[in-house]
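Handing you this structure, nothing more for now.
In what follows, every chain begins at residue 1, and chains take the letters A, B, ... in the order their sequences are listed. Computed from heavy atoms alone, side chains included, the values below leave out hydrogens, waters and symmetry copies.
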Amino acid sequence: MRHRSLASAASASAPPPQMPPLLLVLFHFHWRHHAARRLSSTTACLHPPPLQHPGASASLLLKLQDHIARGHLSRARHLFDQIPSPDVRTYNDLIRAYSSSPTAAADGLHLYRRMLRHRVAPNNYTFPFTLKACSALADLHCGRAIHRHAIHAGLHADLFVSTALLDMYVKCACLPDAAHIFATMPARDLVAWNAMLAGYAHHGMYHHALAHFHSMQMQAQARLRPNASTLVALLPLLAQQGALAQGTSVHAYCIRACLHRNRKLTDGVLLGTALLDMYAKCGSLVYARRVFDAMPTRNEVTWSALIGGFVLCSRMTQAFLLFKGMLAQGLCFLSPTSIASALRACAALDDLRMGEQLHALLAKSGVHADLTAGNSLLSMYAKAGLIDQAIALFDEMAVKDTVSYSALVSGNVQNGRAEEAFLVFKKMQACNVEPDAATMVSLIPACSHLAALQHGRCSHGSVIIRGLASQTSICNALIDMYAKCGRIDLSRQVFNMMPSRDIVSWNTMIAGYGIHGLGKEATALFLEMNNQGFPPDGVTFICLLSACSHSGLVMEGKHWFHVMGRRYGLTPRMEHYICMVDLLSRGGFLDEAYEFIQSMPLRADVRVWVALLGACRVYKNIDLGKRVSRMIQELGPEGTGNFVLLSNIYSAAGRFDEAAEVRIIQKVQGFNKSPGCSWIEINGSLHAFVGGDQSHPQSPEIYRELDNILVGIKKLGYQPDTSFVLQDLEEEEKEKALIYHSEKLAIAYGILSLSEDKTIFVTKNLRVCGDCHTVIKHISLVRRRAIIVRDANRFHHFKNGQCSCGDFW
DNA sequence: CTAGGGTTAG
């Protein structure tokens, strides 16, 4: 407090220092320049006064100044070259002009080199300009050279020079060097503090940045009151951390210090934008909107920050309205960034038509080549199911980065094209584009989808090598992958070892137990989740209920359903009712399930009835099945599965005419049944089979093996259950159609390829049929093999003639 | 100052 400068002395009657009024702030602003000038001029005295220009007329020099002032750099250069031996000031003027335009920065450095060649000594004005050019070019090598020159000239401690050095190291991503400069500067002004803060902030060094800001506040001098630049660097950090309380107090400070109405117009826009962005990122859209409305001037960044904020908070419809409002103001605010946000809204709203209009807008406004917007367009098409469009767009893109590739990887996975996803990943590596966490989070589900454990383990290894293995989202994907690849033990290992878990981690692990029929373990984990104070969400209960359902834990399932509303205050959604119907009907309580549907507060949609229909099929309850299928027809079947189920019901009842009719309706309406397909991974490569498939190179052996097995198990009393065949065929023909179901072929191939101690793991895209289920049980007995089959629904562990699902498949 | 790709349930 003792070294109060003239600024604070002048404002002795000012309010306490934490509440600086406008005058104080502005005054400090001027004062900084004076202080800097003073400092510079003392060091400048060490150097000889500027030379005269022999041969250069005063009018030439004036003209040169004029060109520089008007930004006519080439004309200025023309004049400059006519001066036989320019002095340091003339060099400085032109270098300064070059360095303030990023495209001319290289010319500025050339001129500097020429200056040295001509033995003109640079002074305290030269270095900041040349360093600025280095910053613009991110030319660290040159920056370090100039640093040495400055030391040589004894000017490195000058306030302007050292601040420029600091800034150069920040822009060249050398934070330790920047911090060293900062620490050793004999004097630091607000600009230096701000530069250092911005450096930490831009490099995501949250703790360093906050510590820096705190020590900045600890500086007693009133001249270190944060200005707009300080807060513009600080606010994104608070936003990222969701620190609403701190952000709000920054806002309050801005108002007290009148920074939001800064005389520099850009400061006001930047600060307002940073503030509204902070509010939006902290989930406080009302305040974001209020800041926005109060801003006297806005730019395109302001608009896209607000629109992006609404998208971030999943307020897609409102985001869209804002976007339209922006367009209504004219096209001056339109930017690729806001289009990218609007495209995200389209993708989430499933509004393909609007997405296509945005595509057109993007093309028209000439920002088609923008990488960000292109990537979100690509993703929008993929999410809408138009994977071919997405691929075409990807091929058209002149520049592709990690995000483009990741979007295509996940687009393929979302459209059920796991193998293509791997191909894209390979291509990405061939093109030397580095995968990051998001890429891997997209790729790992492809392994889950294929149940390709070897691929999954490779991905796990790759994630470890890249140092991503401790990230929560990566671990979540790994838990899911191991569970779906039949290694629930490894899922649990990943779960146990991960440093921090989120709700997805718990849900995924519970779901993993569920598909393995480990209802007790699922319940235990749910209880542990409670003990650790993790509040379950709606998805948790879907996972838990379906786990009970797959394990035949009907009573427990009912219990949790009631607890969900009563203890956790969660309102059941349609998905929960589906789980309950599934639970009851799978357990054989068909009538109770029917009554349950009648008593639902929501109007049951098709999916609810389909859950019941599946059980009618299994329990061969044709009466109820008829009623249910009538409901389904009324509601209109969605997707293919329902047609197949319905047709199956009729087939099983021997009513093939009606079964055929359903098939015809299906064809007419354009739903194609996806063919049953099974696959097995042997030594890291996948072998896929469809029913009656003979395309595999080892087909003859496979069929021989399968026939041998069938002869063997028929002796044990196995009778093919021909009710599972869909077409209307003669009994003998039906039997043949059954024999060569894809899962049987894959298992036969597994027996041939794997030694006896190895578990055979087969995956099927649809559900395993009842006949195959019986046959596989027999195989596990006569061939003494452990067999795991993952179907569209769950896992079946076959061993010694038994199945883990207790035949409630 | 803004912004693109990502994990769970059926």
No-H, no-angle donor-acceptor pair, A:S379 side chain to B:dG5 base, under 3.5 Å: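 When only heavy-atom distances are counted, A:S379 does not reach the base of B:dG5 through any donor-acceptor pair under 3.5 Å.
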Sugar-phosphate only, base, or nothing, as touched by A:V232 at under 4.0 Å among non-hydrogen atoms: sugar-phosphate
Nucleotide nearest A:A511 when distance is taken to its side chain, options B:dC1, B:dG5, B:dA9: B:dA9
Between CG on residue A:N412 and NE2 on residue A:H449, distance to nearest 0.5 Å: 11.0 Å
Any donor-acceptor N/O pair under 3.5 Å between B:dG5 base and A:S404 side chain: no
Sugar-phosphate, base or nothing in reach of A:K383, heavy atoms under 4.0 Å: sugar-phosphate
Among B:dG10, B:dG4, B:dT7, the nucleotide that comes nearest once only the side chain of A:T372 is considered: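 Looking only at heavy atoms from C-beta outward on A:T372, the closest nucleotide is B:dG4.
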Side-chain donor-acceptor contact under 3.5 Å, A:H251 with A:Y279: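 The answer is yes; a qualifying pair exists.
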Touch class at under 4.0 angstrom, heavy-atom based, for A:S546 against every strand present: sugar-phosphate
Length of the line joining A:M295:CE and B:dT2:P, which is rounded to integer Å: 13 Å
Whole angstrom value for the distance that separates C1' of B:dT2 from CG of A:L270: 10 Å
Sugar-phosphate only, base, or nothing, as touched by A:A477 at under 4.0 Å among non-hydrogen atoms: nothing
Ring geometry between A:Y405 and A:F394 (parallel below 30°, tilted from 30 to 60°, perpendicular above 60°):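 Correct class here is perpendicular.
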Nucleotide nearest A:V403 (side chain, heavy atoms from C-beta), chosen from B:dC1, B:dG4, B:dG6: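 Closest nucleotide among those given: B:dG4.
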Sugar-phosphate only, base, or nothing, as touched by A:D582 at under 4.0 Å among non-hydrogen atoms: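 Touches nothing.
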Short side-chain N/O contact to B:dC1 OP1/OP2 from A:K281, under 4.0 Å: no
N or O in side chain of A:R344 less than 4.0 angstrom from B:dG5 OP1/OP2: yes
Touch class at under 4.0 angstrom, heavy-atom based, for A:T273 against every strand present: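 Result for A:T273 = base.
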Minimum-distance nucleotide (side-chain atoms of A:Q471 versus B:dG6, B:dG5, B:dT7):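 Among B:dG6, B:dG5, B:dT7, the one nearest the side chain of A:Q471 is B:dG6.
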Polar side chain donor-acceptor pair, A:N530 to A:Y568, under 3.5 angstrom: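 On atom types as modelled, these side chains qualify, holding a pair under 3.5 Å.
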Sugar-phosphate, base or nothing in reach of A:S338, heavy atoms under 4.0 Å: nothing
A:L393 CG to B:dG4 C1', straight-line distance once rounded to whole Å: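 Spelled out: CG on A:L393 to C1' on B:dG4 is 12 Å.
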Side chain of A:A305 - closest among B:dT2, B:dA9, B:dG6: B:dT2
Whole-Å gap separating C1' (B:dG6) and CG (A:L478): 13 Å
Between C1' of B:dG6 and CD1 of A:I474, the distance in whole Å: 9 Å
Shortest non-hydrogen contact from A:L602 toward A:M574: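 In this case the closest contact between A:L602 and A:M574 is CD1-N, 3.8 Å.
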Whole angstrom value for the distance that separates P of B:dG4 from CG of A:L362: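 Result: 14 Å.
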Ring geometry between A:F534 and A:W506 (parallel below 30°, tilted from 30 to 60°, perpendicular above 60°):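 Ring orientation of A:W506 relative to A:F534: tilted.
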Base B:dG4 to side chain A:S376, donor-acceptor N/O within 3.5 Å cut-off: no
Atom pair distance, as rounded to whole Å: CG in A:L443 and P in B:dT7: 12 Å
Atom pair distance, as rounded to whole Å: NE2 in A:H449 and P in B:dG6: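 The distance from NE2 of A:H449 to P of B:dG6 comes to 17 Å, rounded to the nearest Å.
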Nucleotide nearest A:I578 (side chain, heavy atoms from C-beta), chosen from B:dG10, B:dG5, B:dT8: B:dG10
Listed nucleotide nearest any side-chain atom of A:D277, set B:dT2, B:dG10, B:dA9: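 The answer is B:dT2, which lies nearest to the side chain.
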N/O (side chain, A:H202) to phosphate O (OP1/OP2, B:dC1) under 4.0 Å: yes
Distance-only polar pair, side chains of A:S404 and A:D401, donor-acceptor under 3.5 Å: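 Side chains of A:S404 and A:D401: pair found under 3.5 Å.
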Donor-acceptor pair present, A:S304 side chain and B:dT2 base, under 3.5 Å: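 Indeed, a donor on one side and an acceptor on the other fall under 3.5 Å apart.
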A:D480 side-chain proximity, nearest of B:dA9, B:dA3, B:dG6: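 For A:D480, the side-chain atoms sit closest to B:dA9.
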Check: A:D401 side chain, B:dG5 base, donor-acceptor under 3.5 Å: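 Result: no qualifying N/O pair found.
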Touch class at under 4.0 angstrom, heavy-atom based, for A:N299 against every strand present: base
